[in-house]
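Atoms within each ligand, like the ligands themselves, are counted from 1 in listed order. This chain uses plain numbering: 1 for the first residue, then up along the sequence. Heavy atoms only: backbone and side chains are in, while hydrogens, waters and symmetry mates are out.
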Amino acid sequence: MLTTDTFASRLRAATIAHHSAAETSGFMSGLLDGTLASTDYAHLVSQLQLVYAALDHVSSQHRDDPTYGPFFDPRLDRTRALAADTATLGAAPVATATRTYADRIDAVAADPLLVLAHHYTRYMGDLSGGQAISAVLARTMGLSAHEGLAFYQFDLGPLPRYKNAYRERLDDLHLTDDDERRFIGEVLTAYTLNSAVFTELDQRS
Ligand code: HEM
């Protein structure tokens, strides 16, 4: 049970409304309720490819940073999986909102704390709701780990344990109030950027 006196729990509480907005966006809802076509999903994969090209690249630059280092895990890297999924599904045009998102990751690239905020937003999401999305897409689109869903396959052992350990590492950061505010602010930005991508994809579908 999360309590409000840990950073991980304060982070979750401060971002829950933004999470909810992303989760219930038209595009995500459509993916989850099985009403979108595999071509719509292909559009999402092409957006993720650009985002993770930026995130995975910037992430590896901070692997030895005392703040970022404990979170760096090459098994999280999604670049290769996304290339495989794109080969299966076909490439789609990159949305303007996706470029804005990747540009933001590049803009904060020198600041390990803000890069970590993007790391948390995407990877913890992929290890959580992403797993539910993958299960639905396997059922409704006939995709599999080898055909279109490599992105959601993580070789990390039991995911709840991995996520709990990740939250413990967040608590172990012992951020100053100012850094905590900066981190949470960047997570909110990351959610907004994700939602903008979903809005643009929704207009395409
Ligand atoms: C259909 C869409 C989604 C569903 C069903 C969903 C569902 C969930 C669930 C059930 C959790 C809690 C997992 C746990 O405590 O073990 C979670 C956590 C999380 N999700 Fe999502 N999610 C969705 C979309 C997203 C999106 C689009 C993002 C960001 C891009 C995101 C980011 C996160 C993050 C960062 C967490 C960790 C929260 C924390 O405990 O600190 N999710 N999600």
Side-chain angles (χ1 to χ4, degrees), residues 1-36 40-41 43-45 47-52 54-56 59 71 73 76 78 82 95 97-98 100-102 104-105 108 113-141 143 149 151-152 154 156-173 175 180 183-202 205:
M1 181 73 186
L2 286 169
T3 59
T4 50
D5 51 17
T6 66
F7 173 48
S9 57
R10 287 192 295 277
L11 172 60
R12 179 187 264 196
T15 56
I16 202 155
H18 277 61
H19 179 274
S20 193
E23 182 181 358
T24 58
S25 64
F27 192 84
M28 279 292 127
S29 305
L31 270 188
L32 266 189
D33 65 21
T35 54
L36 292 187
D40 299 316
Y41 172 57
H43 279 262
L44 175 63
V45 170
Q47 312 317 305
L48 293 176
Q49 210 171 12
L50 193 80
V51 171
Y52 282 85
L55 184 57
D56 289 342
S59 180
F71 296 87
D73 185 341
L76 292 173
R78 296 293 88 193
L82 285 165
T98 307
T100 306
Y101 188 178
R104 177 64 191 174
I105 294 171
V108 301
L113 191 67
L114 299 190
V115 176
L116 185 58
H118 287 277
H119 186 281
Y120 159 81
T121 310
R122 278 302 335 174
Y123 292 122
M124 285 292 272
D126 301 333
L127 298 175
S128 304
Q131 301 303 303
I133 292 171
S134 176
V136 171
L137 298 186
R139 201 173 62 242
T140 60
M141 296 181 185
L143 299 172
L149 298 176
F151 175 74
Y152 301 102
F154 288 94
L156 298 170
L159 297 186
R161 188 186 302 167
Y162 192 90
K163 288 190 289 182
N164 282 337
Y166 192 109
R167 291 188 183 105
E168 281 168 19
R169 287 197 291 276
L170 287 172
D171 292 335
D172 288 344
L173 287 174
L175 297 178
E180 183 166 324
F183 187 97
I184 290 174
E186 193 64 22
V187 171
L188 295 176
T189 297
Y191 273 118
T192 302
L193 292 166
N194 276 279
S195 290
V197 173
F198 301 149
T199 300
E200 206 168 325
L201 291 183
D202 203 25
S205 62

With no hydrogens and no angle check, do the side chains of Asp126 and Tyr152 hold a donor and an acceptor under 3.5 Å apart?
-> no
*Should Thr121 be counted as touching ligand 1, given the test is an N or O pair under 3.5 Å?*
no
| query | Between Arg167 and Asp171, is there a side-chain N and carboxylate O pair less than 4.0 Å apart? | reply | no
Can you confirm whether the side chains of Tyr166 and His119 place a donor and an acceptor under 3.5 Å from each other? yes
Looking at Arg167, Glu23, His118, the heavy atom closest to atom 5 (C) of ligand 1 belongs to Glu23
To atom 30 (C) of ligand 1, the nearest of Leu159, Leu193, Asp126, Asn194 on a heavy-atom basis is Asn194
Applying ring pair (Phe, Tyr, Trp, His ring centres under 6.0 Å) to Tyr52 and not counting sequence neighbours gives Tyr123, Phe151
- Item | Flag, side chain of Ser29 to backbone of Thr24, donor-acceptor distance under 3.5 Å | yes
Short version for Tyr120: what comes under 4.0 Å of ligand 1, heavy atoms counted, is both
Of Met28, Met124, His19, the one whose closest heavy atom lies nearest atom 23 (C) of ligand 1 is His19
Judged by heavy atoms only, the candidate from Tyr191, Phe198, Phe27 nearest atom 34 (C) of ligand 1 is Tyr191
Out of Arg12, His119, His18, Lys163, the nearest non-hydrogen contact to atom 15 (O) of ligand 1 is supplied by Arg12
The side chain to side chain contact (heavy atoms under 4.5 Å, CB included) partners of Ala102 (sequence neighbours excluded) come to Leu50, Ala54
